[in-house]
Q: 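Mind looking over this structure? Questions follow.
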Amino acid sequence: FRVMHGNDFQRAATQYPEVANALHSMLINRLRAMNKKVQELTFLTNRQRLGAELLRRTRPRNAYPGQLIISPPPPHKELANSLGMMREAITREMSVLQKNKLLEKSRGGYIIPDPSAMNALISE
């Protein structure tokens, strides 16, 4: 991990437009992600926030078109930290999502069998 002196950084950002453009894009993406998280914290329930976070972490499940997978499965503590929740609340909400067939636990990770149903939960 290297640190660039502030003056060198400013010179690079002003002399090389591609550096400035990359920096602007990165900062805009971070700001949008933070705004989305603040909106979720303000307006969504714990279950809805967890569902949104799980969807953000997915990738297509190749062998089963239409399904999504989170692999490797993140520890509950990691999810709790990223959502500002207690680990116990994550465990409870994951159980409810599994009971309602919105989430399945498999050997390879967590499966979202019907992403549209998870999106509907988030939009309630």
Side-chain angles (χ1 to χ4, degrees):
F1 178 45
R2 298 180 71 173
V3 177
M4 182 183 280
H5 190 272
N7 292 336
D8 294 334
F9 175 78
Q10 196 153 16
R11 189 173 21 263
T14 55
Q15 288 181 352
Y16 302 99
E18 60 274 7
V19 171
N21 289 337
L23 180 62
H24 286 128
S25 294
M26 182 189 69
L27 290 174
I28 287 168
N29 288 336
R30 283 188 182 183
L31 184 59
R32 285 182 178 146
M34 291 295 291
N35 283 342
K36 188 172 183 91
K37 283 211 171 200
V38 167
Q39 286 177 338
E40 288 176 1
L41 278 168
T42 304
F43 300 114
L44 299 182
T45 65
N46 284 349
R47 189 169 305 143
Q48 290 169 316
R49 288 176 26 226
L50 176 59
E53 180 65 21
L54 291 173
L55 282 174
R56 275 192 288 273
R57 293 174 179 240
T58 61
R59 61 179 168 77
R61 190 172 181 212
N62 294 331
Y64 299 87
Q67 292 187 356
L68 301 174
I69 189 166
I70 305 160
S71 181
H76 288 194
K77 184 69 175 166
E78 180 184 318
L79 289 169
N81 288 340
S82 70
L83 293 170
M85 294 168 59
M86 301 294 289
R87 185 199 52 77
E88 295 81 5
I90 294 292
T91 301
R92 185 173 46 254
E93 296 300 342
M94 295 282 276
S95 294
V96 172
L97 291 174
Q98 289 175 21
K99 182 179 159 192
N100 293 333
K101 308 281 191 233
L102 295 171
L103 185 69
E104 297 173 7
K105 184 156 175 56
S106 78
R107 207 170 111 193
Y110 292 120
I111 298 164
I112 297 178
D114 184 0
S116 61
M118 185 70 84
N119 277 314
L121 168 78
I122 296 164
S123 299
E124 285 179 349

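Heavy-atom basis, side chains included; hydrogens, waters and symmetry copies ignored.
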Q: Before giving the answer on side-chain contact (heavy atoms from CB on, under 4.5 Å), spell out for E93 and T45 the whole-Å C-alpha distance, their side-chain angles and the decisive distance to 0.1 Å.
A: CA-CA 10 Å; E93 296 300 342; T45 65; over 6 Å; no

Q: For residues P115 and G66, report the shortest heavy-atom separation together with the two atoms involved.
A: CD-O, 3.1 Å

Q: Determine whether Y110 and M94 satisfy the following criterion, side-chain contact (heavy atoms from CB on, under 4.5 Å), listing intermediate values before the conclusion.
A: CA-CA 10 Å; Y110 292 120; M94 295 282 276; 3.2 Å; yes

Q: So, taking the atom named CG in L55 and the one named CG in N119, what distance separates them when rounded to the nearest 0.5 Å?
A: 5.5 Å

Q: Less than 4.0 Å between a side-chain N and a carboxylate O, is that true for E88 and R92?
A: no

Q: Please check if the number of heavy atoms outside Q10 that lie under 6.0 Å from its CD is greater than 12.
A: no

Q: Mind listing the closest non-hydrogen atom pair of A20 and A13 along with its distance?
A: CB-O, 3.4 Å

Q: I69, L102: one ILVMFWY side-chain cluster at the under-4.5 Å cut-off?
A: no

Q: First locate atom CG of L97, then atom NZ of K105, and finally report the distance between them rounded to the nearest 0.5 Å.
A: 13.5 Å

Q: Around K36, counting heavy atoms of other residues, nucleotides and ligands shown, do more than 12 lie under 6.0 Å from its NZ?
A: no

Q: Once rounded to the nearest 0.5 Å, what's the spacing between atom CG of N81 and atom CD1 of I90?
A: 9.5 Å

Q: Is the side chain of S71 donor-acceptor paired with the backbone N or O of G109 at a distance under 3.5 Å, no angle test?
A: no

Q: Please give me the minimum heavy-atom distance between R11 and D8, naming the atom from each residue.
A: NH2-OD1, 2.6 Å

Q: Give me the atom names and distance for the closest heavy-atom approach of A89 to M85.
A: CB-CE, 4.0 Å

Q: Using modelled atom types only, decide if a donor and an acceptor are shared between the side chain of K37 and the backbone of S82 within a distance under 3.5 Å.
A: yes

Q: Checking the side chain of Q48 only, and the main-chain atoms of S123 only, is there a donor and an acceptor separated by less than 3.5 Å?
A: no

Q: How about CE on M26, more than 12 heavy atoms from neighbouring residues, nucleotides or ligands closer than 6.0 Å, or not?
A: yes

Q: How many angstroms lie between atom CZ of R47 and atom CG of L50, to the nearest 0.5 angstrom?
A: 9.5 Å

Q: Would you check if K101 and P113 make a side-chain contact, meaning some heavy-atom pair closer than 4.5 Å?
A: no

Q: How long is the straight-line distance from CG of L31 back to CD1 of I28, given to the nearest 0.5 Å?
A: 8.0 Å

Q: Specify the closest pair of heavy atoms between I70 and L54, including all atoms of both residues, with the distance to one decimal.
A: CD1-O, 3.4 Å

Q: Mind checking the CD1-CG spacing from I111 to L68? Nearest 0.5 Å is all I need.
A: 10.5 Å

Q: What's the verdict on side-chain contact (heavy atoms from CB on, under 4.5 Å) for M118 and L121, showing C-alpha distance, side-chain angles and the deciding distance?
A: CA-CA 5 Å; M118 185 70 84; L121 168 78; 4.1 Å; yes

Q: Just by distance, no angles: are the side chains of N46 and R49 close enough, under 3.5 Å, to form a donor-acceptor pair?
A: yes

Q: Strictly distance-based, threshold 3.5 Å: is any side-chain N or O of S25 a donor or acceptor partner for the main-chain N or O of A22?
A: no

